[in-house]
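To keep things clear, I will list the structure first and then write my remarks on it.
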Protein chains: 2
Amino acid sequence: MSDRPGRGHSGTPRRIPEATVARLPLYYRALVDIAEHRISTVSSERLAELAGVNAAKVRKDLSYLGSYGTRGVGYDVEFLLHQISRELGLTRDWPVAIVGVGNLGQALANYKGFGARGFRIAALVDADDDKVGREVDGLAIEPIRALPEIVAERQISIGMIATPAHVAQEVADLLVAAGVRSILNFAPAVVAVPDGVSMRKVDLAIELQILSFYQLRKGGPARRRDRAATGAMDVEEGLEQGLDGLHQGMAG
Amino acid sequence: MSDRPGRGHSGTPRRIPEATVARLPLYYRALVDIAEHRISTVSSERLAELAGVNAAKVRKDLSYLGSYGTRGVGYDVEFLLHQISRELGLTRDWPVAIVGVGNLGQALANYKGFGARGFRIAALVDADDDKVGREVDGLAIEPIRALPEIVAERQISIGMIATPAHVAQEVADLLVAAGVRSILNFAPAVVAVPDGVSMRKVDLAIELQILSFYQLRKGGPARRRDRAATGAMDVEEGLEQGLDGLHQGMAG
DNA sequence: CCCTCCTTGTGCACTCGCTCACAAGCGCGC
DNA sequence: GCGCGCTTGTGAGCGAGTGCACAAGGAGGG
């Protein structure tokens with residue numbers, strides 16, 4: 001791993017395309033799996049398979065980070081894992097605040113998949129005074145008027161909006177005013193943020209509508225279901241053993 | 001996504017680009033808002049503003065559906081609403097099955113935003129026999145081995161995977177084998193489906209990692225927070241009234 | 001009936017991302 | 001030491017999506 005050819009400066013080596021950034025977490029996840037199997041080297045082809053993308057894309061994506069592979073051999077799993085972690089900021093602690101502790105907010109607070117990657121729920125905030133003081137997963141719900149102090153004192157960098165749609169913009173404004181620069185919006189509403197603030201949105205209803213669009217073009221929901229010609233029997237034969245596996249594994 | 005949008009030549013007037021399909025739900029939502037205000041006509045510019053996109057894009061997107069506008073006037077709100085509803089299949093009933101009734105599955109089952117658009121939770125399925133029989137939001141949890149009958153009898157067309165990652169592929173196979181052709185995957189795992197089955201995924205951890213990537217490039221989480229030069233005071237002045245509004249509106 | 005105003009619909013140029021194909025380069029065996 | 005096989009890294013071509021700018025064309029007033 002000799003130093004990168006070209007500018008070996010502490011800043012960004014190259015500009016990483018947005019599409020690549022969105023795939024880095026997939027590679028990260030695949031690499032964690034591989035590392036757990038005590039495998040020390042992985043090819044772009046194998047990594048592509050595990051991440052559900054194509055091999056050329058993997059190579060090009062990884063080349064944006066630097067020349068971390070060895071021709072004829074592949075990528076060192078641990079080293080690549082470290083590089084991607086560093087690039088994504090997964091070596092740090094990222095305190096997160098959840099605004100709106102309804103169904104979704106509670107589910108997010110209880111979700112165990114975050115902490116492992118360094119995303120730690122550091123605050124639960126709600127405007128409903130009846131909810132304030134209640135605990136969810138060991139964390140007390142706090143009033144939204146305390147947001148500025150909470151954000152400042154706990155160094156909160158990411159805010160999640162899990163409120164009804166009609167207050168999403170107000171909540172976003174409050175988060176921005178408090179100093180939050182990254183927002184993940186779960187409310188089904190268009191939310192604008194000023195320059196310098198990142199916003200991503202997750203909208204379940206939209207995903208369903210996209211699915212229903214394509215399902216319509218397949219013959220609609222009422223049409224008689226004919227087996228897909230390819231692979232139907234394979235899947236069906238795997239059904240029994242699938243059930244066995246599920247009973248052990250699926251904890252919800 | 002796995003299925004190519006262009007393949008079915010069953011009477012589609014034009015092929016609608018995938019990017020446009022993904023925006024139709026935004027227009028739909030904006031139009032519903034407009035219709036509630038008793039406004040009968042809307043321009044592409046106004047619609048763009050409400051949907052959070054650019055006006056030329058709105059016009060091009062809508063032109064794929066047909067020439068539904070009137071030059072010099074705009075679009076008829078009710079008519080356009082009807083056309084988009086029809087295109088997205090929102091005039092129909094779409095029974096949905098949720099597999100995996102943990103935190104996320106329960107939150108999805110309780111979420112009220114679906115039914116209004118025709119997406120009705122018709123089944124809750126889990127592999128854990130201790131959960132079977134319990135009710136969530138008035139719907140009993142059923143054993144996963146009953147999935148084939150459930151899907152067939154209730155005409156279920158969409159399946160949501162809300163299980164742990166390591167069983168997501170098995171659950172997807174079971175859904176496909178049972179006849180489901182549209183899947184929304186919430187499990188943080190790569191899931192492959194055969195041709196003819198649509199799959200979309202929602203991964204909260206990935207969204208957070210993307211946010212943290214960009215936040216790192218802004219100066220990182222530990223840096224002292226300096227107010228954004230532009231607009232900071234405006235936002236802050238709006239803070240008090242924002243709180244007032246929130247107390248009335250935010251029900252969580 | 002015509003003219004003007006307004007907004008739609010779209011041709012065009014540009015950017016971004018994807019895929020292919022292949023040269024470059026590393027390790028290993030002979 | 002040398003070639004051989006394997007895998008990376010990347011240049012080039014291509015297709016999708018975006019935004020501009022403008023022609024096309026209703027509506028309404030004079």
Side-chain angles (χ1 to χ4, degrees), chain A residues 1-7 13-24 26-27 30-31 34 39-77 79-80 83-84 210 214, chain B residues 1-7 12-24 26-27 30-31 34 39-77 79-80 83-84 210 213-214:
Chain A
M1 74 186 101
S2 58
D3 219 352
R4 294 262 352 287
R7 69 210 96 168
R14 326 182 187 190
R15 219 197 94 265
I16 300 182
E18 212 168 322
T20 295
V21 173
R23 277 188 297 268
L24 289 182
L26 295 178
Y27 304 145
L31 286 166
I34 295 170
I39 296 169
S40 62
T41 286
V42 66
S43 70
S44 63
E45 192 151 359
R46 177 77 181 125
L47 188 50
E49 187 186 338
L50 291 171
V53 301
N54 126 339
K57 214 183 293 189
V58 170
R59 290 198 295 276
K60 185 154 282 189
D61 284 343
L62 295 183
S63 77
Y64 289 118
L65 307 186
S67 286
Y68 292 155
T70 305
R71 292 166 195 241
V73 176
Y75 300 89
D76 183 278
V77 174
F79 181 71
L80 189 54
Q83 293 302 326
I84 294 182
I210 294 172
Y214 287 113
Chain B
M1 210 174 351
S2 64
D3 55 340
R4 312 253 333 117
R7 208 171 8 159
T12 346
R14 323 182 190 192
R15 218 195 94 264
I16 300 182
E18 213 169 318
T20 296
V21 173
R23 278 188 297 267
L24 289 181
L26 295 177
Y27 304 145
L31 286 167
I34 295 170
I39 297 168
S40 61
T41 285
V42 67
S43 69
S44 62
E45 193 153 359
R46 177 80 181 122
L47 188 50
E49 187 186 339
L50 291 171
V53 301
N54 130 335
K57 212 183 294 190
V58 169
R59 291 198 296 274
K60 187 157 284 189
D61 283 344
L62 295 182
S63 77
Y64 289 118
L65 307 185
S67 286
Y68 293 152
T70 305
R71 292 167 195 244
V73 177
Y75 300 89
D76 183 277
V77 174
F79 182 72
L80 189 55
Q83 294 302 327
I84 294 183
I210 294 171
F213 173 90
Y214 287 112

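As the structure is a computational prediction, the values presented were derived from the model and not from experiment. Within every chain, numbering begins at 1; the chains are lettered A, B, ... in the order of the sequence lines, protein sequences first and strands thereafter.
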Return the set of residues passing side chain to side chain contact (heavy atoms under 4.5 Å, CB included) with I34(B) (not counting sequence neighbours), or none when no residue passes.
-> L31(B), I39(B), V42(B), L47(B), L50(B), V77(B)
Rounded to whole Å, the CD-P distance (E45(B) to dA21(D)) equals 14 Å
For R46(B) and Y75(B), what are the C-alpha separation, side-chain angles and deciding distance, and is it a side chain to side chain contact (heavy atoms under 4.5 Å, CB included)?
-> CA-CA 11 Å; R46(B) 177 80 181 122; Y75(B) 300 89; over 6 Å; no
Nucleotide dG26(D), atom P - distance to OH of Y68(B) in whole Å | 17 Å
When the distance from OH of Y75(B) to C1' of dC6(C) is rounded to whole Å, what number comes out?
-> 13 Å
Nucleic acid footprint by protein, nucleotides 17-25 of chain C - heavy-atom cut-off 4.0 Å, B for base, S for sugar-phosphate alone = SSBSB--BB
Who are the side chain to side chain contact (heavy atoms under 4.5 Å, CB included) partners of A19(B), not counting sequence neighbours?
-> R23(B)
Start with the C-alpha gap between V58(B) and Y27(B), add the side-chain angles, then the distance that decides, and say whether side chain to side chain contact (heavy atoms under 4.5 Å, CB included) holds.
-> CA-CA 8 Å; V58(B) 169; Y27(B) 304 145; 3.7 Å; yes
Specify the separation, in whole Å, of atom CG of L62(B) and atom P of dT10(C).
-> 12 Å
Length of the CD1-C1' vector between I16(B) and dG17(D), whole Å = 15 Å
What do the steps show when you test L80(A) against I84(A) for side chain to side chain contact (heavy atoms under 4.5 Å, CB included), and what is the final call?
-> CA-CA 6 Å; L80(A) 189 54; I84(A) 294 182; 4.2 Å; yes
Counting only heavy atoms not in E45(A), do more than 12 sit closer than 6.0 Å to its CD atom?
-> no
Roughly how many Å is it from CG in L47(A) to P in dG9(D), rounded to a whole number?
-> 12 Å
In whole angstrom, what separates Y64(B)'s OH from dG9(C)'s C1'?
-> 11 Å
Looking at S44(A), does any N or O in its side chain come under 4.0 Å of the phosphate oxygens OP1/OP2 on dT7(D)?
-> no
Here the distance between atom P of dT8(D) and atom CG of D76(A), to the nearest Å, is 13 Å
